[in-house]
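All figures in this text were calculated on a predicted structure; none of them were measured in a lab. Order of the sequence lines sets the chain letters (A, B, ...), proteins ahead of strands, with each chain counted from 1.
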Number of protein chains: 2
Amino acid sequence: MEPVSTEHVTAFRRFNRYFTRRIGVLDDHYLGQDRPLGEARLLFEIGDGASLRELRSRLGLDAGYLSRMAKTLQAQGMVRLSAHPRDHRLRMIELTAAGRVEVKEQNRRASAAAAGLLEGLSAPQRAELTEALATARRLLRLAGITVDLVDGAAPDARACLDGYAADIDERFPEGFDKSDLVRPQEVSGDAGAFFVAREEGRPVACGALRRLEPGVGEIRHVWVHPDARRLGLARRLLDALEREAAARGFTVVRLDTHAALTEAQAMYRACGYTEIPRYDDNVYAAHWFEKRLSPAP
Amino acid sequence: MEPVSTEHVTAFRRFNRYFTRRIGVLDDHYLGQDRPLGEARLLFEIGDGASLRELRSRLGLDAGYLSRMAKTLQAQGMVRLSAHPRDHRLRMIELTAAGRVEVKEQNRRASAAAAGLLEGLSAPQRAELTEALATARRLLRLAGITVDLVDGAAPDARACLDGYAADIDERFPEGFDKSDLVRPQEVSGDAGAFFVAREEGRPVACGALRRLEPGVGEIRHVWVHPDARRLGLARRLLDALEREAAARGFTVVRLDTHAALTEAQAMYRACGYTEIPRYDDNVYAAHWFEKRLSPAP
DNA sequence: ATATCTATTTGACTTTAGTCAAAGGTCGCG
DNA sequence: CGCGACCTTTGACTAAAGTCAAATAGATAT
């Protein structure tokens, strides 16, 4: 990938400094005025309940430290602690009514502060800011997402395929049967490839490549988690799959799509795929596409 | 001013949370790995030397706390402390060679981290991100700038007029004589008005209004500090001045500009001003403008 | 059933961050 | 010259944040 120009690094760091100094501090300030910041953050992070283990990794805290904070909050009547129904090693933590009130109040304050800040802008400027922030967030998220080749049987691969199956089962009028997914061995090792995209460690998208016939690969199960859509992830997966296909000596890749997935069809067209006649007997497919690859360098 | 919609508040807070959690922490992390964060920040803030007093107000630290940190850094050979040449109450602090090396190293690390993050994006995406961040920063700065009516003799007003005079003295081929500035009493109380824009407490722009003849006001000395240009501040000042003029019952405001200030002329035209014949004997003026005001509500 | 791993709790710390007040120079002004 | 304002230093604290290791109890694999 091309090197990052210092101009972009400088601009990014300038924003970073400005934002954390001027805005970022705000949140902590409002959060921390009633109790130690650590406790306030913890309270805030609980949401609709979580395990201590989860919070520990989310907030990056020491186990002992967290245990003590949870105890303090419990003593203050802010949270309820209980054992996990199935795994008695885990402790579940959830907000009590009083805890929810406090979180709500914190939210109210932070929102009021944000509104106070935005008040200095005209309506069109606010809209411009909102859009710029949305763009920045989208790109920053995208920048942090990694796309890796994994074994088709890896847990993250299975998690994605489960998400995919559940997703399209809902979208296809005729439903979708999980047994129609690719088998792990079809997309592992020499037979094919499976890519998983991860955001902060969590799998959020996938795509599979398998050998269809000599020189021809097939792309399947390109899926993006609902929370990670509209970031341009599908294109990035497609790109990874095509590179992999070219590296494996395929000169052509094909894929099919369901009639209901019109956005997907538009994306394939935009990525250089052209519609071809039916090449398989996939009962879900209504459109078939093909793309000729330039050979790997 | 119109109320801030919850949509904008939500979007802003979403970004805020995401950014501070994911990116903002980065800088502190890299800063704080060799020494306590407070010390590291202090070291960073010294730059090309400063007084303890200045650092204290910039970083919002307790005097005793700062004094101790400075002593620690001195003991480590990172800074040199000395008395202010003229005011022996102040202590000056500056980096030693070792201190400069450390600051440089911290900068290198933070830049490397930023570059690593941006690496996940394509070149056009990086450009898009840079632009979105620049837009966001511009608008956030603007949102934090207040415009207030002050007495023409107030220190902030004088500071702005000094900046204005120095600025145009450099830009006008014939120079500029400070005695041609408005006198404080012309723009105070019933006689006129003086507005100062402040960013984080510091005056960054100004504009004056004085009575020219019955029903006619004159706008003078609209100036924006070089660091605060391209934010749309001049328009905001003009707006404040016009409102004030309307509130005082003026139906028309006039102003003149120097031939060299072509951007200003363009702005006045864009804000509804039309060029008129010479109305005064200002030796610096080459263009005269006028705007009819709608009466105050 | 045994060993191994995992999640949490507890005790015993340390470091960092920050506050408050008293005290000692230094400056500017009347 | 004397007074008040200003900046800094020092002593004496406190609270928050975080670390480390041992102990405990439940889950999992063999």
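- Rounded to a whole Å, the CZ atom of Arg35(A) is 16 Å from the C1' atom of dA17(D).
- For the helix from dA1(C)-dT30(D) to dG30(C)-dC1(D), the axis fitted to the five pairs at one end and the axis fitted to the five pairs at the other end meet at an angle of 20° (nearest 10 degrees).
- Heavy-atom minimum distance, Asp28(B) versus Leu37(B): O-CD1, 3.5 Å.
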Check: residues 153-167 of chain B side-chain donor-acceptor pairs under 3.5 Å, at least two apart:
| from | atom 1 | to | atom 2 | distance (Å) |
| --- | --- | --- | --- | --- |
| Asp156(B) | OD2 | Arg198(B) | NE | 2.5 |
| Asp156(B) | OD2 | Arg198(B) | NH2 | 3.1 |
| Arg158(B) | NH1 | Gly152(B) | O | 3.2 |
| Asp162(B) | OD1 | Lys178(B) | NZ | 3.0 |
| Tyr164(B) | OH | His221(B) | ND1 | 3.3 |
| Asp167(B) | OD2 | Trp223(B) | NE1 | 2.8 |
| Asp167(B) | OD2 | Arg229(B) | NH2 | 2.5 |

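- Shown here is Arg17(B), whose CZ atom has more than 12 heavy atoms of other residues, nucleotides or ligands within 6.0 Å.
- Atom P of nucleotide dA16(D) and atom CG of Leu37(B) are separated by 19 Å, given to the nearest angstrom.
- For the segment residues 48-58 of chain B, no residue has any heavy atom less than 4.0 angstrom from an atom of DNA chain C.
- Without hydrogens or angle criteria, Arg41(A) side chain to Pro36(A) main chain gives no donor-acceptor distance under 3.5 Å.
- Contact check, Arg91(B) against dT9(D): a side-chain N or O comes under 4.0 Å of OP1 or OP2.
- Straight-line distance from the NE2 atom of His88(A) to the C1' atom of dA27(D): 11 Å, rounded to whole Å.
- How far CZ of Arg80(A) is from CD1 of Ile93(A): 11.0 Å, rounded to the nearest 0.5 Å.
- For the side-chain hydrogen bond (donor to acceptor under 3.5 Å, both in side chains) with Asp87(B), the lone residue among His84(B), Arg91(B), Arg89(B) that qualifies is Arg89(B).
- Among the atoms of the strands shown, none is found under 4.0 Å from any heavy atom of Arg41(A).
- Residues from residues 62-78 of chain A placing a heavy atom under 4.0 Å of any atom in DNA chain D, listed by number, are Asp62(A), Tyr65(A), Arg68(A).
- Here dC7(D) presents its C1' atom at 7 Å from CZ of Arg89(B), a figure rounded to the nearest Å.
- Annotation: cation-pi geometry satisfied between Arg137(B) and Tyr18(A) (NZ/CZ under 6.0 angstrom from ring centroid, within 45° of ring axis).
- A distance-only check finds no donor-acceptor pair linking the side chain of Asp151(B) to the backbone of Ser188(B) [under 3.5 Å].
- Comparing Asp87(A) and Glu39(A) along DNA chain D, the residue whose closest nucleotide (by nearest heavy atom) sits nearer the 5' end is Glu39(A).
- Considering CG of Leu133(B) and CZ of Arg138(B), their distance stands at 13.0 Å, rounded to 0.5 Å.
- Both the sub-6.0 Å distance and the 45° axial angle are not jointly satisfied by Arg109(B) relative to the ring of Tyr30(B).
- The nearest whole Å value for the distance from the CG atom in Leu59(A) to the C1' atom in dA16(D) is 16 Å.
- A nucleotide of DNA chain C counts as in contact with chain A when one of its atoms lies under 4.0 Å from a heavy atom; the first and last such, 5' to 3', are dT6(C) to dA12(C).
- Legend: residues meeting side chain to side chain donor-acceptor pair (under 3.5 Å) with Asn107(B), ordered by chain and number and at least two apart, are Arg13(A).
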